[in-house]
Number of protein chains: 2
Amino acid sequence: MAILGIKDIAALANVSPATVSRVFSAPDMVSKKTLNKVKKIIDEVGYRPNRMGSSLRTRKSGNIVAIIPDITNPVNAGIIRAIEQGAQSAGYSVLLGDTQGLEEREQHYADLVSHGQADGILLFCSRIPFKTDPNLPLLGQLPPMVNGNERIDSDEVVQVAVDNVAATMFATEYLISLGHKRIAAVTGPSDIASSNERLEGYKLALKDAGIKADSAFQIEGSYDVQSGMDCASQLLMLPQRPTAIFCFNDDMAIGVMKFLQKQGFVIPDDISVMGFDDINYAQFVSPSLTTVHQPLHEIGSTCIDLLLKQLKGQVVEPGRRYLPFELKVRDSTGKVPE
Amino acid sequence: MAILGIKDIAALANVSPATVSRVFSAPDMVSKKTLNKVKKIIDEVGYRPNRMGSSLRTRKSGNIVAIIPDITNPVNAGIIRAIEQGAQSAGYSVLLGDTQGLEEREQHYADLVSHGQADGILLFCSRIPFKTDPNLPLLGQLPPMVNGNERIDSDEVVQVAVDNVAATMFATEYLISLGHKRIAAVTGPSDIASSNERLEGYKLALKDAGIKADSAFQIEGSYDVQSGMDCASQLLMLPQRPTAIFCFNDDMAIGVMKFLQKQGFVIPDDISVMGFDDINYAQFVSPSLTTVHQPLHEIGSTCIDLLLKQLKGQVVEPGRRYLPFELKVRDSTGKVPE
DNA sequence: TTGATTTTTGTAAACGATTACTTAATAAAC
DNA sequence: GTTTATTAAGTAATCGTTTACAAAAATCAA
């Protein structure tokens, strides 16, 4: 007998399988005496209830799947970490769905719930990974799901994020308050919703300050360090250079700084640089990076909490929930030159 | 009827459930005609086989669990990413087990396999997360498992890593070749096997060069940036300062650099700094960091490949497998001052 | 055509738990 | 000491697949 099942335990303890089951799921429905008797056997033989058996019967896998574009990105890693914690302490396990930005893989992972392999979805992409096939889950009968850190264009899904528009607006205003008027934006890919929101906030701030947005000052990067370097090089070739560069994530800001320094510029005396995210390294680059802080842990834990609520059967109002951002003023930004 | 099962499909297609099952698992055992008939129905109604049902019957969950101390660490994140890819393309899903270094959580995740929730383990810690209870899996009948990037003190487990001893030895020799004789080591926590191996390599190189190891030059850090700063401050207070500081990971090296620069030292003219890992940011800090490159993707893919082999029933020789490291010489190291 | 093969299909018993529902045991009430 | 209420335990069906094994259908040889 390779591995013991609930019936074996029942036999050994001279009770019915139902009782053994209750020892785990409803211990106060079984008398002290039998409880101890059964527990003793369980310990002795090292019995572990088989999850597949119970999952099949209860129709709950005990898994949730986190669909993220790239676990290598410190922002995602930070969020996932909080998620994993929250899930684990609620008895759930998390399936990692690193999609590398591929829609196909997003769908693959979303399918885990229709296969009964996961009970809910934590989504960090800006697409809804369901075919709009009438037979498959339609909007209105979405599986338990929360969308984090990105924006999905649907008012039927629960969303958790920082208010990107407000955040970049606030941050841009800060640059303006330092006297900057020629403020460039290094954006993320234009198909990423959050990047567009950030652009919007940036434009709003300029408009409010009566500064007309120069389209040459808006460069699209790809959210990685190298692209920051490339964008910086483009900006430096402009006849009228910017006095401040607002990068929509920290990686690009680091790239921008690296490039500027290589060209002999001193930050922030010649040019100010600002980032977004406040990844761990932001405070350790030289000069330390002024950036918009995202509360990664809080984002993650809010996402998992809202999902767990849904899994418990509570209804969670769809719509956006904003978490507070914070502008971390450090040494990479300063007054406009002369 | 909320969701359709294999019997419903069978009924709709006028075949037996067995045939429907075979459509998925052994399509060439069913005639073209019925194959198409069944497939058509499946498409029409959007049937998805329930994984729990089949898992229960086949005793395979289709999951593997990755037990790692911290997903937030770029080294781990890089490895996990490769793992996830390999797993996914073999039809497996990966359960994320971020343990935050807690033995209790390591065990919790290892238990997933005894619960039938996972088929194998990818372990990135230096403890074997099984109680040595005779009833539980003993050594010798370990579950399919591979230990990555860390060392486990057992010759029964499959291990994949860079040869830490050789790597630090090589790197230290490089510093020696630059004329350095007072070379400090900022190690990781002493309960982490890989850190001890790195220390060993460092000592070996010194010994070979006839330099006696000064214990004041060996400071234990905790693998994070802040601890790099702390260690640097200690080193600077020494009457005889080191001319080079070898940090056993990049984060600490970044901390060391930050601190030195804050104190007005110029790197590498006054002091050389070297790291280990070659995380992405290593090349973008200023000056760019000389460091030992670990092939993260290869580590991850090797781990998952070896695990998949075991899951397919092939026997994999236990013991260590070394992957090649590479010293990336950049701008943070230079000749010993005058 | 007939029987021997081979290929397709069907039947029914698992897999390991949970849970209505029923029965037995115990406690409470009078 | 009955009867009734309460609590504890058991029975057996069920969750959705897979898979030996048996049966039927198709193919082939003579």
Side-chain angles (χ1 to χ4, degrees), chain A residues 1-39 41-42 45-63 91 111-119, chain B residues 1-39 41-42 45-63 91 111-119:
Chain A
M1 158 191 330
I3 201 150
L4 301 179
I6 200 169
K7 290 194 210 154
D8 303 300
I9 305 304
L12 287 172
N14 241 300
V15 296
S16 73
T19 300
V20 178
S21 175
R22 283 189 274 253
V23 166
F24 289 97
S25 56
D28 33 50
M29 288 211 148
V30 26
S31 71
K32 286 268 173 300
K33 208 191 321 173
T34 37
L35 191 70
N36 290 330
K37 180 173 57 171
V38 175
K39 271 187 171 165
I41 304 276
I42 288 173
V45 305
Y47 164 70
R48 306 299 170 99
N50 179 304
R51 193 73 178 249
M52 292 308 153
S54 79
S55 284
L56 176 58
R57 179 61 222 248
T58 61
R59 303 170 138 291
K60 306 220 151 306
S61 67
N63 297 329
D111 278 352
L112 293 189
V113 355
S114 56
H115 283 281
Q117 198 167 177
D119 303 332
Chain B
M1 162 189 326
I3 202 150
L4 301 178
I6 201 171
K7 291 195 209 151
D8 303 300
I9 305 303
L12 287 172
N14 240 301
V15 296
S16 74
T19 301
V20 178
S21 175
R22 284 190 274 254
V23 166
F24 289 97
S25 56
D28 31 49
M29 288 210 148
V30 25
S31 71
K32 286 268 173 299
K33 208 192 320 171
T34 36
L35 191 71
N36 289 332
K37 180 172 58 171
V38 175
K39 272 187 170 166
I41 304 277
I42 287 173
V45 305
Y47 165 71
R48 306 298 169 98
N50 179 304
R51 192 75 178 249
M52 293 307 153
S54 79
S55 285
L56 176 58
R57 178 61 222 245
T58 61
R59 303 170 137 291
K60 306 216 150 309
S61 67
N63 297 329
D111 279 352
L112 293 188
V113 357
S114 57
H115 282 282
Q117 198 167 177
D119 303 332

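A, B, ... follow the sequence lines: proteins, then strands. Residue 1 opens every chain. Just so we're clear, the structure is a prediction, and the values are computed from it rather than from any experiment.
Per the geometry, CE belonging to A:Met29 stands 15 Å off P belonging to D:dG10, to the nearest Å. Taking atom CG of residue A:Asn14 and atom C1' of nucleotide D:dG10, one finds them 13 Å apart after rounding to whole Å. Taking atom NZ on A:Lys7 and atom C1' on C:dT18, their separation rounds to 13 Å, with Å as the unit. In this entry the distance linking CZ of B:Arg22 with C1' of D:dT19 reads 8 Å, nearest Å. Straight-line distance from the CG atom of B:Leu4 to the C1' atom of D:dT17: 15 Å, rounded to whole Å. A:Lys37 has its NZ atom 13 Å from the C1' atom of D:dG10, to the nearest Å. Separating the CG atom of B:Leu56 from the C1' atom of D:dT18 is a distance of 10 Å, rounded to the nearest angstrom. As rounded to whole Å, 18 Å separates atom P of D:dC15 from atom CD1 of A:Ile6.
DNA chain C is contacted by both A:Lys33 and B:Thr58; B:Thr58 maps to the nucleotide lying nearer its 5′ end (nearest heavy atom per residue). Closest-nucleotide positions on DNA chain C for B:Lys32 and A:Gly53 were compared, and the one nearer the 5' end corresponds to B:Lys32.
Residues B:Tyr47 and B:Gly5 approach most closely at CE1-C, 3.8 Å, considering heavy atoms.
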* Asked: Between B:Val113 and B:Asp119, does a side chain to side chain contact (heavy atoms under 4.5 Å, CB included) hold up when you go through it step by step?
  -> CA-CA 6 Å; B:Val113 357; B:Asp119 303 332; over 6 Å; no

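Applying the 4.0 Å criterion to OP1 and OP2 of D:dA9, one finds that A:Ser31 has a side-chain N or O inside that range. Residue B:Ser21 places at least one side-chain N or O closer than 4.0 Å to OP1 or OP2 of D:dT18. Between A:Ser54 and the phosphate of C:dA17, there is no side-chain N or O to OP1/OP2 separation shorter than 4.0 Å.
Taking only side-chain atoms of B:Thr19, from C-beta outward, the nucleotide of D:dT17, C:dT19, C:dG10 with the closest atom is C:dG10. Distances from the side chain of B:Ala18 to the nucleotides C:dG10, C:dA17, D:dT17 place C:dG10 closest.
Looking at heavy-atom distances under 4.0 Å, A:Phe24 makes no contact with the nucleic acid at all. B:Thr34 comes within 4.0 angstrom of sugar-phosphate atoms only, judged by non-hydrogen atoms across all strands, and of no base. Note on A:Val15: only backbone sugar-phosphate atoms sit closer than 4.0 angstrom, heavy atoms only; bases stay farther off. Using a 4.0 Å heavy-atom distance criterion, A:Ser25 is classed as making no nucleic acid contact.
Applying side chain to side chain contact (heavy atoms under 4.5 Å, CB included) to B:Val20 and the options B:Val30, B:Ile41, B:Ile9, B:Thr34 leaves one that passes, B:Ile9. Shown are B:Gln117, B:Arg51, B:Met52; of these, the side chain to side chain contact (heavy atoms under 4.5 Å, CB included) with A:Ser61 is made only by B:Met52.
The local environment of NZ in B:Lys37 is crowded, with over 12 non-hydrogen atoms from other residues, nucleotides or ligands closer than 6.0 Å.
Looking at B:Arg57, its side chain has no donor and acceptor atom pair within 3.5 Å of the base of D:dT17.
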